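Remarks on the structure that follows.
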Amino acid sequence: VPERLLLVEDDDRIRAALRLGLEDEGYDISEAASAEAALAALEAERPGVLIVDLGLGGLMDGFDLIRAVRRTADLPIVIVSARTDTHDIVAGLEAGADDYVTKPFQIKEISARLRALRRRIVPVASAGDSLAGESPSTDLVLDSGLTPPLVLSTARGTVRRGEQDVHLTLTEYNLLCELAAVQGHVMSRQQLLERVWDQGFFGDERLVDVHVRRLRTKIERDPSDPRIVVTVRGLGYRLDPG
Ligand code: CA
């Protein structure tokens with residue numbers, strides 16, 4: 001079944017070009033020319049992926065749309081932005097987008113970004129896993145000081161406190177899993193870019209920093225004094241569960 005993709009762009013020509021190209025890449029495309037139309041289409045068509053132009057003509061712009069979507073949905077969002085708008089890109093990521101491409105863009109580039117935004121299956125080692133005869137645990141206690149504790153379950157693909165789900169976006173979840181797979185060891189921004197976004201040397205490290213900040217607001221007791229996802233100055237990030 002082809003993945004349904006909602007394309008939000010107010011420029012008819014760009015939208016048509018995106019549609020043609022992404023249909024060739026195997027997506028089932030829905031279109032919206034405004035944020036308002038996009039919200040209605042999200043409700044009606046339940047797309048699995050969203051592509052959003054930041055400059056939209058209606059009362060809401062792309063930032064408003066992303067924030068509105070993120071209140072209820074975890075689906076991947078990719079921004080399409082004019083090349084010069086570096087401030088806009090960061091603002092769009094902070095609003096909740098997962099990645100971006102700049103205009104003029106190539107369909108192959110967008111397609112590669114979309115492919116990268118899939119749920120990662122990352123084995124998470126817990127203390128004791130290496131003992132012979134024990135089946136590997138898929139649960140990792142992130143914060144045992146809370147009652148109930150905060151637990152990452154890679155079998156369920158969730159972060160939970162008791163029965164309460166902590167809603168992470170796909171990218172936040174993937175980021176957490178990559179750090180969990182090497183818990184206690186630093187991962188550089190470059191490594192995280194490669195593993196979570198499939199981006200190599202020329203990737204944008206701001207992607208990592210913005211998503212770490214967003215992840216912290218959801219899992220840390222005090223996001224301004226993080227204890228779980230720790231910054232290692234000059235090196236990168238480290239997961240300190242416990
Ligand atoms: Ca536009």
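Fair warning: this is a prediction, and the values are worked out from it, not measured in the lab. Basis for what follows: all heavy atoms, side chains included, without hydrogens, waters or symmetry-related copies.
- Taking the side chain as every heavy atom from C-beta outward, Asp98 and His211 approach each other to under 4.5 Å.
- Side-chain contact check for Phe105 versus Ile14: some heavy-atom pair is nearer than 4.5 Å.
- Checked by atom type and distance alone, the side chain of Asp99 never pairs as donor or acceptor with a backbone atom of Arg113 at under 3.5 Å.
- Remark: the backbone N or O of Thr171 is not paired with any side-chain donor or acceptor of Trp197 at under 3.5 angstrom.
- Looking at heavy atoms from C-beta onward, Val229 lies in side-chain contact with Ile219 at the 4.5 angstrom threshold.
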Run Glu25 and Lys108 through salt bridge (Lys or Arg N to Asp or Glu O under 4.0 Å) and show every step you take.
CA-CA 8 Å; Glu25 295 287 318; Lys108 293 283 172 206; 2.9 Å; yes

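- Linking Ile, Leu, Val, Met, Phe, Trp and Tyr residues whenever their side-chain heavy atoms come within less than 4.5 Å leaves Leu193 and Val186 in two separate clusters.
- Looking only at side-chain heavy atoms (C-beta outward), Asp28 and Leu5 stay at 4.5 Å or farther from each other.
- Side-chain atoms of Arg238 never come within 3.5 Å of backbone atoms of Val232 as a donor-acceptor pair (strictly under, hydrogens ignored).
- At a cut-off of 3.5 Å, with distance as the only test, a side-chain donor of Asp204 or Tyr100 sits close to an acceptor on the other residue.
- Contact check for Val196 versus Val208: no side-chain heavy atoms found under the 4.5 Å cut-off.
- The structure places CD1 of Ile66 at 10.0 Å from CE of Met60, a figure rounded to the nearest 0.5 Å.
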Check residues 43-58 and write down every donor-acceptor pair under 3.5 Å in which the side-chain atom is one partner and the other belongs to a residue at least two apart or another chain.
{"unit_1": "Glu45", "atom_1": "OE1", "unit_2": "Ser30", "atom_2": "OG", "d": "2.4"}
{"unit_1": "Asp53", "atom_1": "OD1", "unit_2": "Lys103", "atom_2": "NZ", "d": "3.3"}

Go through the steps for Leu152 and Leu176 under the test side-chain contact (heavy atoms from CB on, under 4.5 Å), then give the verdict.
CA-CA 9 Å; Leu152 165 65; Leu176 181 61; 4.1 Å; yes

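- Side chains of Arg115 and Ser111: a donor-acceptor N/O pair is present below 3.5 angstrom, by distance only.
- Put simply, the side chain of Arg161 gets close to the backbone of Thr147: a donor and an acceptor are under 3.5 Å apart.
- Side-chain heavy atoms closer than 4.5 Å link hydrophobic residues (I, L, V, M, F, W, Y) into clusters, and following such links, even through other members, never connects Val8 to Leu20.
- Nearest approach of Leu170 to Leu117, heavy atoms of both residues: CD2-O, 2.9 Å.
- Panel note: side chain Asp64, backbone Asp61; a donor-acceptor pair is recorded below 3.5 Å.
- A donor-acceptor pair under 3.5 Å links the side-chain atoms of Arg70 to the main chain of Ala73, judged by distance alone.
- The shortest heavy-atom contact between Ala68 and Leu39 is CB-CD2, 4.2 Å.
- A side-chain donor from one of Ser153 and Asp139 sits under 3.5 Å from a side-chain acceptor of the other.
- In plain terms, the two heavy atoms of Val101 and Val78 that are nearest each other are N-CG1, 4.3 Å.
- Gln199 is listed as a side-chain neighbour of Leu207, based on a closest heavy-atom distance under 4.5 Å.
- A single hydrophobic cluster is not seen to contain both Leu235 and Leu192; linkage of ILVMFWY side chains at heavy-atom distances under 4.5 Å, directly or through other members, places them apart.
- Scanning all heavy atoms of the two residues, the minimum distance from Ala180 to Leu140 falls at CB-CD2, 3.8 Å.
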Check step by step if side-chain contact (heavy atoms from CB on, under 4.5 Å) holds for Arg15 and Asp12.
CA-CA 5 Å; Arg15 201 172 66 246; Asp12 294 343; 3.2 Å; yes

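- For the pair Lys218 (side chain) and Leu168 (backbone), a donor-acceptor distance under 3.5 Å is absent.
- No donor-acceptor pair under 3.5 Å is formed between the side chain of Glu220 and the backbone N or O of Asp222.
- One distance of note links CG of Leu7 with CD1 of Ile110; it measures 8.5 Å at 0.5 Å rounding.
- To the nearest 0.5 angstrom, Arg195 atom CZ is 11.0 Å from Cys177 atom SG.
- Nearest heavy-atom pair across Glu172 and Thr169 is OE1-N, 2.8 Å.
- Residue pairs satisfying the ring pair (Phe, Tyr, Trp, His ring centres under 6.0 Å) criterion with at least one member in residues 34-72, sequence neighbours excluded, are absent.
- With contacts defined as side-chain heavy-atom distances shorter than 4.5 Å, the pair Arg227/Asp240 does not qualify.
- The shortest distance between side-chain heavy atoms of Ile77 and Leu65 does not fall below 4.5 Å.
- Environment of CZ in Arg19: crowded, with over 12 heavy atoms of neighbouring residues, nucleotides or ligands closer than 6.0 Å.
- Across Val230 and Arg216, no two heavy atoms sit closer than the pair C-NH2, 3.7 Å.
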Can you list the steps and then say if Asp143 with Val151 is a side-chain contact (heavy atoms from CB on, under 4.5 Å)?
CA-CA 7 Å; Asp143 189 342; Val151 177; over 6 Å; no

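- A salt bridge links Arg213 with Glu94: the distance from a Lys NZ or Arg NE/NH1/NH2 to an Asp or Glu carboxylate oxygen falls below 4.0 Å.
- To the nearest 0.5 Å, the span separating CD on Gln190 from OG on Ser188 amounts to 6.5 Å.
- No side-chain donor-acceptor contact under 3.5 Å links Thr154 to the backbone of Gly157.
- To the nearest 0.5 Å, atoms CE (Met187) and OH (Tyr237) are separated by 13.0 Å.
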The test is side-chain contact (heavy atoms from CB on, under 4.5 Å); show your working for Tyr173 and Val166 and say whether it passes.
CA-CA 10 Å; Tyr173 176 81; Val166 176; over 6 Å; no

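- Checked by atom type, the side-chain pair Thr86/Arg206 shows a donor-acceptor distance below 3.5 Å.
- Panel note: side chain Asp165, backbone His167; no donor-acceptor pair is recorded below 3.5 Å.
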